[in-house]
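Accompanying notes for the structure given below.
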Amino acid sequence: MSAYASNSLDWWRSAVVYQIYPRSFADGNGDGIGDLRGIIDHLAHIAGLGADAIWISPWYPSPQADGGYDVADYRAINPDYGTLAEADELVAAAHRRGLRVLIDLVPNHSSDEHRWFRDALAAAPGSPERSRYIFRDGRGEHGELPPNNWQGQFGGPAWTRVPDGQWYLHLFDVRQPDWNWENPEVAAEFDDVLRFWFDRGIDGFRVDVADSMAKDQTLPDLPTDRAGAVRMDKYVGHPSWDRPELERIHRRWRAIADEYTDSPQGPRVFVSEAYLTPAARLARYVEPGRLHTTFNFDYLLAEWSAQSLRHVIDQARAAHAGLGAPCTWVLGNHDQERIATRLGRSRTGRRFTADGVATEEIGVHDDWFKQFPLDPELGQRRARAAALLELALPGGAYVYQGEELGLPEVLDLPEDALRDPTWERSGHRMRGRDGCRVPIPWTAEPGYGWGQPTWLPQPADWAGFSVEEQDGDISGFLELYRAALSYRRGLAALGDGDLTWLDAGENVLAFTREPGFTCIVNFGEQPVRLPAGEVLLASAHLRGGTLGPDEAAWIER
Ligand code: GLC
Ligand code: CA
């Protein structure tokens, strides 16, 4: 246990978790695709940053119809990335460096190349093989119409017809058939998958779309507007999102994780991925006996303003208070435009008003932000301040690979390079999520430490963002993150706990945490005076005891 930087059994309550998107993290064998050897070779970067854990996005065999979230085998490693033996080596190497390891559980759907889906296609309608997925007859005289009007998240109908005339449900891509969680065989299979990885030393799982496995068994149509457009939000009572039956599934997984609590390695944990608002809906996922933590995506999606962020932070604190679960903050991931770009726009996200209602509806995979003018330098300045705010909040925090380098979104990937199904399924209207998934730069020379060509092309001007260039540059992003995470480890006030707001003006967020810590962020256009105390860390070079626009500081009182 002593190898772990945060040594307690409660490490997950205040952990900083570094998200690895394996295809784009580091290339160990020079084929232009990230892999496990690359991760093993670069664990020093993550440990040196001061993270407590890593979460690795799906590393399983997959035809990559949805960037690995289409899993063909839940108990193996994608051969492009390495072997199960290397996965074991990775876990051991991470543990030696004091890093816990979370991996991705994708329980709503498999790949169409999963053996059980192939069996289902080969078997007859009504067979046990088909009942592992959600097959139905169609509507219309000859069953030629889909069973209902549900739409896939990437566009197009959520049903696809197979040659014998039946239809199967896929809430996401056509190549991601939804599992039938009413079938005990499916539930038992996932029990076994959890044990398989826990037994190999995995510390926990990030649960992909943790709000989607349960469906209203009558599969009713969704409401439509006057123009016939299907309602796409996750309203209360929705037939496929956030259903009460999910609780049974979450509790079942928690019971399995809890079997490992007394192992020398300590508790195994879950973080839920569910885009639900407001936080009160989300908090149910972390009730005692369910999942441990849940990403707060209102925070990620909120506009850059003191009012909106304060509302979101307060809602999350209120919803979590009394449940015993810590809040979990996140600025980006492999599905969202990178924060250094998003915050450089004239519109930066959702507005949250006093009662917590978002006035701008933004879909998860929307390009909504992208129509607004962009100032890259403003984005960089705000992203630095955003990092200090996130890392000072009570609870756990996630850092998406490249965030610590200030990487921008790649907005000009050539169309023929795009891989996200959003691009095809939206009829080339939405480019999708590839721009945040470009392989990250390690070295300054061309190729940035990757075999060429990389699976998504890297911009020609990324040398300055590389780890090599930023190492030791105290005005750079990397050293800001290193300093912040080092303080987070050293200061008792940071991590789990609570905060007290200071009254610092309309466009300022300032709060104290005990003992002796103040965080202040200036969202306004005028400089503001710094609170009393010694500045530990600032997102910019401070002048004359004031904090400039879009700057943040950590202060010791
Ligand atoms: C989650 C993943 C996303 C994926 C989707 C379907 O939202 O983060 O990348 O496309 O689930 O699995
Ligand atoms: Ca490789």
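Only heavy atoms go into these numbers, but all of them, side chains included; no hydrogens, no water, no symmetry mates.
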Would you say the rings of [Y] and [X] are close, in the sense that their centroids are separated by under 6.0 Å?
X: W55; Y: Y18; value: no
X: H114; Y: Y74; value: yes
X: H170; Y: F117; value: no
X: F190; Y: W181; value: yes
X: Y133; Y: W179; value: yes
X: F172; Y: F154; value: yes
X: F198; Y: F205; value: yes
X: Y299; Y: W329; value: yes
X: W253; Y: W197; value: no

side-chain hydrogen bond (donor to acceptor under 3.5 Å, both in side chains) between S131 and N183, worked out: CA-CA 7 Å; S131 78; N183 184 336; 3.1 Å; yes
Around R251, counting heavy atoms of other residues, nucleotides and ligands shown, do more than 12 lie under 6.0 Å from its CZ?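 Yes, enclosed.
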Quick one: do [X] and [Y] make a salt bridge, cutoff under 4.0 Å?
X: E189; Y: R75; value: yes
X: R284; Y: D242; value: yes
X: R557; Y: E514; value: yes
X: R37; Y: E86; value: yes
X: R419; Y: D434; value: no
X: R482; Y: E479; value: yes
X: D52; Y: R100; value: no
X: R132; Y: E185; value: yes
X: D192; Y: R195; value: no
X: R342; Y: E337; value: no
X: D112; Y: R175; value: yes
X: R433; Y: D420; value: yes

Minimum heavy-atom distance between [X] and [Y], given as atom pair plus value:
X: A484; Y: L391; result: CB-CD1, 3.9 Å
X: I339; Y: A383; result: CG2-CB, 4.3 Å
X: Y81; Y: P58; result: CE1-O, 3.9 Å
X: A51; Y: L99; result: O-CD2, 3.3 Å
X: G82; Y: I77; result: O-CG2, 3.5 Å
X: D496; Y: S14; result: N-CB, 3.3 Å

Determine whether the side chains of T348 and E303 contain a donor N or O and an acceptor N or O closer than 3.5 Å.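 Side chains of T348 and E303: no pair found under 3.5 Å.
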Side-chain H-bond candidate by donor/acceptor type, Y69 with D104, under 3.5 Å: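 The answer is yes; a qualifying pair exists.
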Cation-pi check, R384 onto F477 ring (under 6.0 Å, within 45° of axis):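 Verdict for F477: a cation-pi partner in R384.
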Between [X] and [Y], is there a donor-acceptor pair closer than 3.5 Å when you use the side chain of the first and the backbone of the second?
X: S111; Y: A72; result: no
X: R382; Y: L343; result: yes
X: E404; Y: Y481; result: no
X: S272; Y: A210; result: no
X: Q315; Y: V312; result: no
X: S539; Y: A552; result: yes
X: D35; Y: G28; result: yes
X: D70; Y: S62; result: no
X: D203; Y: R268; result: no
X: T293; Y: F270; result: yes

Verify ring-ring contact (aromatic ring centres under 6.0 Å, His included) between W442 and F25, making sure each step is shown before the conclusion. CA-CA 9 Å; W442 293 99; F25 180 68; 5.2 Å; yes
Within the 4.5 Å heavy-atom criterion, are H292 and R254 side-chain neighbours or not?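 SC-SC contact between H292 and R254 confirmed.
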Nearest-0.5 Å distance, [atom1] of residue [X] to [atom2] of residue [Y]:
X: R310; Y: W501; atom1: CZ; atom2: CH2; result: 5.5 Å
X: T261; Y: L9; atom1: OG1; atom2: CG; result: 8.5 Å
X: Q19; Y: L102; atom1: CD; atom2: CG; result: 10.5 Å
X: R248; Y: M213; atom1: CZ; atom2: CE; result: 10.0 Å
X: L502; Y: C519; atom1: CG; atom2: SG; result: 10.0 Å
X: L389; Y: I520; atom1: CG; atom2: CD1; result: 11.5 Å

Can you classify the ring geometry of F523 versus W304 as parallel (below 30°), tilted (30 to 60°) or perpendicular (above 60°)?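 Rings of F523 and W304: tilted, as their planes differ by 30° to 60°.
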Full working for side-chain hydrogen bond (donor to acceptor under 3.5 Å, both in side chains) between D216 and H238: CA-CA 8 Å; D216 178 338; H238 195 288; over 6 Å; no
Verdict with supporting geometry, L194 and L105, side-chain contact (heavy atoms from CB on, under 4.5 Å): CA-CA 8 Å; L194 291 180; L105 183 71; 3.9 Å; yes
Does the salt bridge (charged side-chain N to carboxylate O under 4.0 Å, His left out) test come out yes or no for K215 and D178, once each step is laid out? CA-CA 10 Å; K215 277 106 191 167; D178 280 43; 2.7 Å; yes
Candidate pair W241 and W150, rule ring-ring contact (aromatic ring centres under 6.0 Å, His included), full reasoning: CA-CA 12 Å; W241 292 101; W150 296 3; 9.7 Å; no
According to salt bridge (Lys or Arg N to Asp or Glu O under 4.0 Å), who are the partners of D88, at least two apart in sequence or on a separate chain?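 Testing D88 for salt bridge (Lys or Arg N to Asp or Glu O under 4.0 Å), a comparison that skips the adjacent residues, returns R200.
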Looking at W554, Y487, F511, which one forms a ring pair (Phe, Tyr, Trp, His ring centres under 6.0 Å) with F517?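 By the ring pair (Phe, Tyr, Trp, His ring centres under 6.0 Å) criterion, F517 pairs with just one of W554, Y487, F511: W554.
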